[in-house]
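Contents: one structure, followed by commentary.
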Amino acid sequence: MTRIVTSGKGQVFSLDVLFSLLPVMMIIGAGLQYLYLAEEQSTALIEGARLETLAQAMAENVAAQDGKYVRTENCSELNTTLSSAAQDFLPDGYVYHVQAYSYYDYGNPDVGPPSTRLCNGSDDELWSSDLESNSFIQTNNAASSDLRFMLEYNATSGNLTPGHIAGVSFTIWKNN
Amino acid sequence: MEKQLNRKGFAALLDGILAYTVAFACIGAVALLMTNTREASIKTSYTLNVWAEDLADAIGQSMVNPTNPPVSYATDWLDTTSPEIKAALVQSLTNIAADKRVSITAEIGATNLATIGNLSQASEVATATRLLRHAEVSTTTDPVSGVTTTTYTLNGDVSVLTVKIGI
Amino acid sequence: MKKKGYAYSLFVFLVFVSVFIIVVTNVKSVSVMQESNYERVTIMKASELGKNIEYLLAKGVDCGKIQIALSELNLPFKAGCGAPSTVCVESISGNYTYGDPTVCP
């Protein structure tokens with residue numbers, strides 16, 4: 001190793017000292033980068049957890065109604081429940097989108113999405129008022145969704161449809 | 001005499017900083033790994049349990065009177081129902097299991113209602129329990145018209161519905 | 001010179017120990033968070049079964065038969081009923097109780 005020699009003037013920034021300190025600087029630099037990444041990750045984690053809680057709260061609000069069921073059509077009742085739940089739970093800027101589909105009339109699960117969408121009528125708006133029905137989730141946003149199972153409800157007979165289980169999916173994200 | 005930098009002290013400082021950085025990184029990595037795996041596991045457990053409870057409610061509410069000819073579904077949470085409704089339940093559960101890649105088992109007492117997939121191969125299983133009212137089913141056939149009539153009576157006993165979902 | 005080296009090493013050792021203690025205590029608080037998460041699952045399951053028992057009692061099922069059925073189950077919480085129509089569900093830790101606690105086993 002080079003012999004480090006100092007003159008009486010207290011020379012610090014000699015080449016030898018800098019050379020010796022290089023690995024230390026690299027480690028500190030890498031450590032700082034890692035800390036920055038960890039902070040970014042934890043911010044995303046916290047926002048993700050928040051979205052998850054909102055989605056679960058909204059789903060539970062609907063599922064805890066008297067009789068866990070979802071209508072097959074004319075779902076203005078579900079629309080009203082969702083709007084009031086959004087007013088109670090969702091802070092400003094957060095939007096929701098809900099989809100209901102039958103797991104009884106499922107078509108071929110190996111081929112594609114469920115074939116029978118419930119609550120798909122012209123006046124069934126299961127999404128926030130400032131969303132178009134076919135809007136897509138911005139890819140730079142995080143979104144959270146919660147899926148619940150309920151029975152289908154036949155409004156014509158005024159009764160549950162036993163054996164017909166439906167899935168209702170609640171999605172929440174922040175509208176930028 | 002020339003002053004020399006105190007090599008021993010300086011080298012010791014470098015060694016110390018290096019050792020500290022390595023130790024910090026190791027502890028951080030271990031702590032991070034420990035929390036990450038447990039966090040993912042509890043979320044899976046919560047979702048599976050919610051689904052199991054939802055399915056138990058859906059099945060319980062579907063267990064309506066098995067009378068033939070059918071009457072309107074005035075009562076529910078029985079421990080038996082008509083074969084058509086049982087078949088519809090099995091179909092719904094089969095589609096759910098295929099879509100969500102889970103295995104599902106539903107039993108009423110010792111009687112199997114639906115078994116989809118192999119639950120013993122699941123790494124995580126959630127169980128939901130409900131109580132159902134026991135119905136004594138009796139079938140009579142009218143010899144003249146050949147019409148089969150199914151009726152049921154409640155004797156106050158309670159059966160247990162167990163729904164297991166595994167991933 | 002030896003003393004200077006000793007001082008540096010001691011300083012580094014103390015820093016290491018303090019970091020270790022901080023991390024260990026933080027990990028413990030994470031495990032406390034996990035405990036409360038497990039509790040959340042148990043509370044959800046307990047309240048669902050509580051609703052079920054309430055419904056059965058309202059339909060006129062005998063409480064004794066319900067208790068027999070419950071005693072054979074391996075539930076992660078306590079559940080019971082009392083004549084004529086009181087229900088109790090309680091988490092093992094006692095943090096969550098619904099209904100009349102005296103009726104729980």
Side-chain angles (χ1 to χ4, degrees), chain A residues 1 3-12 14 16-17 20-21 23-24 26-28 30-31 34-35 38 41 45 49 52 56 59-60 63 67-69 101-110 113-114 146-154 157-168, chain B residues 2-7 10-11 13-14 16-18 20-22 24-25 28-29 32 36 39 43 46-47 50-66 70 72-74 76 78 81-82 84-101 165:
Chain A
M1 201 66 187
R3 218 188 83 183
I4 297 177
V5 173
T6 56
S7 65
K9 291 181 196 136
Q11 177 189 10
V12 176
S14 75
D16 295 326
V17 174
S20 313
L21 283 178
V24 177
M26 284 166 67
I27 290 170
I28 291 176
Y34 176 72
L35 281 174
Q41 221 176 16
L45 208 74
E52 217 173 271
Q56 282 172 357
E60 183 58 35
K68 239 190 222 177
Y69 60 78
Y101 38 90
S102 168
Y103 273 106
Y104 176 76
D105 288 324
Y106 193 70
N108 188 351
D110 296 320
D146 199 36
L147 173 68
R148 301 297 297 264
F149 297 112
M150 303 177 205
L151 277 189
E152 289 178 31
Y153 179 84
N154 189 345
S157 69
N159 233 321
L160 292 171
T161 316
H164 291 221
I165 304 181
V168 188
Chain B
E2 276 179 319
K3 276 192 194 167
Q4 287 187 347
L5 192 65
N6 189 341
R7 280 227 21 110
F10 193 66
L13 184 64
L14 283 182
I17 289 173
L18 194 63
Y20 160 72
T21 312
V22 167
F24 180 77
L32 209 65
N36 268 354
E39 186 66 32
K43 281 181 187 166
Y46 183 76
T47 305
V50 167
W51 285 354
E53 298 288 332
D54 278 348
L55 290 177
D57 279 333
I59 294 172
Q61 284 179 301
S62 295
M63 306 298 284
V64 292
N65 68 73
S72 68
Y73 301 126
D76 49 8
L78 305 178
T81 186
S82 69
E84 293 83 26
I85 294 174
K86 281 188 194 172
L89 272 177
V90 172
Q91 182 169 329
S92 299
L93 293 174
T94 308
N95 290 330
I96 290 173
D99 184 40
K100 295 292 155 202
R101 308 282 191 264
I165 182 165

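All figures in this text were calculated on a predicted structure; none of them were measured in a lab. Chain naming here is simple, since letters A, B, ... match the order of the sequence lines and numbering starts at 1 in each.
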Would you mind telling me which of B/L93, B/L89, B/L55 has the largest number of heavy-atom pairs within less than 4.5 Å of chain A? B/L89
The criterion is side chain to side chain contact (heavy atoms under 4.5 Å, CB included); which residues satisfy it with B/E84, sequence neighbours excluded? B/S82
Do B/V64 and B/T81 touch side chain to side chain, with heavy atoms closer than 4.5 Å? yes
Quick one: what part of A/E60 sits under 4.5 Å from any heavy atom of chain B, side chain, backbone, both or neither? neither
By the definition side chain to side chain contact (heavy atoms under 4.5 Å, CB included), identify the one residue from A/L160, A/N159, A/T161 that meets it with A/Y153. A/L160
With chain A, the option among B/T94, B/D57, B/V90, B/I59 that has the most non-hydrogen atom pairs under 4.5 Å is B/D57
B/V50 side chain near A/D146 side chain, heavy-atom distance below 4.5 Å: no
Under 4.5 Å from any heavy atom of chain A - which part of B/K86: neither
